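Report on the structure given below.
One-based numbering along the sequence shown. Keep in mind the model is a prediction, meaning the values are calculated, not measured.
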Amino acid sequence: MRIAELAPVWERVPPLRYGGIELVVSLLTEELVKRGHKVTLFATGDSKTRAKLVSAYHTKPSREVMVKGGHSVDLIHATQAFRMADEFDIIHNHSGDIAIAMASIVKTPVLTTLHGSFTDQNKRFFRMFKDGCYYNAISLAQKNGLPELNYAGIVYNAIDTDHYKFQKDKGDYFVFLSRFSPLKGPHLAIDVAKRAGVRLIMAGKVDPGADSEYFEDMIAPHIDGDQIKFLGEVSDKKKRELLELAKAFIFPLQWPEPFGLVMPEAMACGTPVIAFPFGSVPEIVKDGVSGFIVKDIDEMAEAVKRVGEIDPASCRKYAEERFSVLRMVDDYEAIFEKILMKR
C-alpha cells in the first residue's frame, strides 16, 4: 500500500526525550516499511526514518513560533500531506483536528488515530466531523467517551519490547515516572510509599506554571533524598534502568487517560504496575498477572506489600503478547485493508 503517516510537528520522530505519539508513529512507520509498503512520513526535517520524509520544518518549531504561529504551524504541516493526497492509498493522521477538517476535500480515505482525550470543548468539533474521516481509538475507554464517531477499529499503542531489558531480580525501591501534575497523582504515590514504609524514586518533567506550583507545594516538602528521591527529567536510558530494577511502578492516575505507554514499558521489564482503574488502565494492566488494579489509597498501600505475588516473567510475557510492534502493525494493516475494501 501507498501510505502517508502524518505525525505531529511538535517533536522529532522518534523523539529525543518525551513524545509518546511520535514514538508510536516511528515504530509503526518503520515496521510498515519493513513489510514492503511505500510509506511517506510527514514530520520534522530532523526525523530519522527509512520511509520517504517530507518536512515543512527543519526541526521542531520553537516555542516562539508555536505561540506566534498558533494553528498556522499545524496547518502548514498538514497541507503538505493533503496536497499530495492523490499519491496515497490512505492518509493516516496522528496530528489532530486540522487534518480531520481537511479530510473531506480529498478523495483519498483518511484514518485518524485519536491520541488525546475528549473534552466538553472538543466534542462539538468531533461531532461536526463524525463522518468526515475514519477514526481509530487507542482504547475502548477512549472510544466510549464519544462512541458515535465513524470508528474503523481499536488499536492499542505499542512499545519496542526488545528495547526493555527483562530483570527478574529487583532493587530495593518502587518508582513513579510521569509528568508531575495533579492528574498523574505523584503526591498520592508519596503517600502510598510512606504508608507502606518503602523507598520511592520519582522522575519526570515539571512544566512551568501550575505544575511548578503544585510541585513546590505538594512534592518538594517530602523529598528527603532517602525514602523519597526526586531525579527530575531523565534520559530514556535512565528511565529504562529505573523501571528494570524497580519492585513495582506506582501509578495513582487521577483522570481517564486514553493510553499510558509507561505502563507497558514497566511490564516489559518484568515490573508490575499498581494503579487505579481510570481510563485505559483495566485494558492495559491485567490484575494479578502484570500488576494490581486498586480502588483507593489503602488498597494501593496493601498492594505494594503484596507485589512479590506477581511473577516478573509472566509480567514480561503479557507485555510482549499484548503490546508488541508486530501486533500493532498487524492491527493497522487490517484496518487499512478494511477501509480500502469499502472504497
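- Residues Leu114 and Leu149 have side chains in contact (heavy-atom distance under 4.5 Å, counting atoms from C-beta outward).
- Between the CD1 atom of Ile219 and the OG atom of Ser212 there is a distance of 12.0 Å, given to the nearest 0.5 Å.
- With Asn122 contributing its side chain and Thr119 its backbone, the two residues share a donor-acceptor pair below 3.5 Å.
- Thr108 places a side-chain N or O within donor-acceptor distance of the main-chain N or O of Ala85, the cut-off being under 3.5 Å.
- Checked against side chain to side chain contact (heavy atoms under 4.5 Å, CB included), Leu340 has the following partners two or more places apart in sequence or in another chain: Met1, Asp89, Pro109.
- Checked by atom type and distance alone, the side chain of Ser290 pairs as donor or acceptor with a backbone atom of Lys286 at under 3.5 Å.
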Verdict with supporting geometry, Val304 and Val192, side chain to side chain contact (heavy atoms under 4.5 Å, CB included): CA-CA 8 Å; Val304 164; Val192 168; 3.7 Å; yes
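- At least one side-chain heavy atom of Ile297 sits less than 4.5 Å from a side-chain heavy atom of Leu188.
- Looking at Ser280, its side chain never comes within 3.5 Å of a backbone N or O of Glu283 through a donor-acceptor pair.
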Would Lys239 and Glu265 count as a salt bridge (Lys or Arg N to Asp or Glu O under 4.0 Å) if you check the C-alpha gap in whole Å, the side-chain angles of each, and the deciding distance to 0.1 Å? CA-CA 10 Å; Lys239 181 179 76 170; Glu265 289 172 345; 3.1 Å; yes
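- The ring-ring contact (aromatic ring centres under 6.0 Å, His included) search around Phe129 returns Phe125, not counting sequence neighbours.
- To the nearest 0.5 Å, atom NE2 of residue His77 and atom OG of residue Ser55 are 8.5 Å apart.
- The other members of the hydrophobic cluster of Ile98, by chain and number, are Leu6, Phe42, Val54, Leu75, Phe82, Met84, Phe88, Ile91, Met102, Ile105, Val106, Val110 (side-chain heavy atoms under 4.5 Å, ILVMFWY only).
- Side-chain contact check for Met263 versus Val281: some heavy-atom pair is nearer than 4.5 Å.
- With values rounded to the nearest 0.5 angstrom, Ile190 atom CD1 is found 6.5 Å from Ile223 atom CD1.
- Scanning both residues, Pro258 and Gly116, for their nearest heavy atoms gives CG-O, 3.4 Å.
- A salt bridge is defined here as a Lys NZ or Arg NE, NH1 or NH2 lying under 4.0 Å from an Asp or Glu carboxylate O, and Asp236 with Lys238 fails to meet this definition.
- Nearest approach of Arg2 to Glu87, heavy atoms of both residues: NH1-O, 3.2 Å.
- Nearest heavy-atom pair, Ile339 versus Tyr134, reported as atom, atom and distance to 0.1 Å: CG2-CE1, 3.5 Å.
- Using a distance-only test at 3.5 Å, with no hydrogens or angles considered, no donor-acceptor pair links the side chain of Thr40 to the main chain of Lys52.
- A salt bridge does not link Glu320 with Lys317: every distance from a Lys NZ or Arg NE/NH1/NH2 to an Asp or Glu carboxylate oxygen is 4.0 Å or more.
- Residues Lys295 and Phe276 fail the side-chain proximity criterion, which asks for heavy atoms closer than 4.5 Å.
- Every residue two or more places apart in sequence or in another chain that forms a ring-ring contact (aromatic ring centres under 6.0 Å, His included) with Phe176 is listed here: Phe180.
- One hydrophobic cluster, built from ILVMFWY side chains closer than 4.5 Å, cannot hold both Ile21 and Val39; they sit in different ones.
- Considering only heavy atoms from C-beta on, Arg316 stays 4.5 Å or farther from Met267 through its side chain.
- Judged by the 6.0 Å and 45° rule, Arg327 forms no cation-pi pair with Tyr156.
- Considering only residues two or more places apart in sequence or on other chains, Phe126 meets the ring-ring contact (aromatic ring centres under 6.0 Å, His included) condition with Phe118.
- Not one N or O on the side chain of Lys165 forms a donor-acceptor pair closer than 3.5 Å with the backbone of Cys269.
- Atom CG of Leu140 sits about 5.0 Å away from atom CD1 of Ile154, to the nearest 0.5 Å.
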Under 3.5 Å, side-chain donor or acceptor atoms of residues 242-255 against the rest of the protein: list the pairs with distances, not counting sequence neighbours.
{"unit_1": "Gln254", "atom_1": "NE2", "unit_2": "Pro252", "atom_2": "O", "d": "3.2"}

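- Linking Ile, Leu, Val, Met, Phe, Trp and Tyr whenever their side-chain heavy atoms come within less than 4.5 Å leaves Val13 and Val73 in two separate clusters.
- Residues His94 and His115 come closest through the heavy atom pair ND1-NE2, 2.9 Å.
- Judged purely by atom type and a 3.5 angstrom limit, Asp287 uses its side chain to pair as donor or acceptor with the backbone of Ile293.
- Contact annotation: the side chain of Phe336 approaches that of Leu111 to within less than 4.5 Å [non-hydrogen atoms, C-beta and beyond].
- A distance-only check finds no donor-acceptor pair linking the side chain of Ser95 to the backbone of Pro8 [under 3.5 Å].
- Leu231 and Leu16 end up in different hydrophobic clusters when Ile, Leu, Val, Met, Phe, Trp and Tyr side chains are linked at under 4.5 Å.
- Applying the side chain to side chain contact (heavy atoms under 4.5 Å, CB included) rule to Asp296 yields the partners Asp298, Glu299; only residues at least two apart in sequence or on another chain are considered.
- Counting heavy atoms from C-beta outward, Asp74 and Trp10 have side chains that approach closer than 4.5 Å.
- Note that NZ of Lys168 is 14.0 Å distant from SG of Cys315, once rounded to the nearest 0.5 Å.
- Evaluation of the side-chain hydrogen bond (donor to acceptor under 3.5 Å, both in side chains) test over residues 177-189, restricted to residues two or more places apart or in two chains, returns Arg179-Asp211, Lys184-Glu257, His187-Tyr214.
- Qualifying side chain to side chain contact (heavy atoms under 4.5 Å, CB included) partners for Arg199, counting only residues two or more places apart in sequence or in other chains: Asp172, Tyr173, Ile201, Asp226, Lys229.
- Qualifying ring-ring contact (aromatic ring centres under 6.0 Å, His included) partners for Tyr332, counting only residues two or more places apart in sequence or in other chains: His92.
- Among pairs with a residue in residues 266-275, those fulfilling side-chain hydrogen bond (donor to acceptor under 3.5 Å, both in side chains) read Lys170-Thr271, at least two apart in sequence or across chains.
- The shortest heavy-atom contact between Gly145 and Pro147 is C-CD, 3.9 Å.
- The heavy-atom pair separating Leu177 from Val262 by the smallest distance is O-CG2, 4.0 Å.
- The residues Glu22 and Arg12 are annotated as not salt-bridged, no charged nitrogen and carboxylate oxygen being separated by less than 4.0 angstrom.
- Judged by distance alone, the side chain of Thr44 and the main-chain N or O of Tyr57 form no donor-acceptor pair under 3.5 Å.
- To the nearest 0.5 Å, atoms OH (Tyr318) and CD1 (Ile284) are separated by 8.5 Å.
- The main-chain N or O of Val198 is found under 3.5 Å from a side-chain atom of Gln227 such that the two form a donor-acceptor pair.
- Side chains of Glu213 and Glu216 form no contact here, defined as non-hydrogen atoms less than 4.5 Å apart.
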Which pairs of donor and acceptor atoms, one on a side chain in residues 27-36, lie under 3.5 Å apart (sequence neighbours left out)?
{"unit_1": "Thr29", "atom_1": "OG1", "unit_2": "Val25", "atom_2": "O", "d": "2.8"}
{"unit_1": "Glu30", "atom_1": "OE1", "unit_2": "Arg50", "atom_2": "N", "d": "3.0"}
{"unit_1": "Glu30", "atom_1": "OE1", "unit_2": "Arg50", "atom_2": "NE", "d": "3.4"}
{"unit_1": "Glu30", "atom_1": "OE2", "unit_2": "Thr49", "atom_2": "OG1", "d": "2.6"}
{"unit_1": "Glu31", "atom_1": "OE2", "unit_2": "Arg35", "atom_2": "NE", "d": "2.8"}
{"unit_1": "Arg35", "atom_1": "NH1", "unit_2": "Asp330", "atom_2": "OD1", "d": "2.7"}
{"unit_1": "Arg35", "atom_1": "NH1", "unit_2": "Glu333", "atom_2": "OE1", "d": "2.7"}
{"unit_1": "Arg35", "atom_1": "NH2", "unit_2": "Leu326", "atom_2": "O", "d": "3.4"}
{"unit_1": "Arg35", "atom_1": "NH2", "unit_2": "Asp330", "atom_2": "OD1", "d": "3.1"}

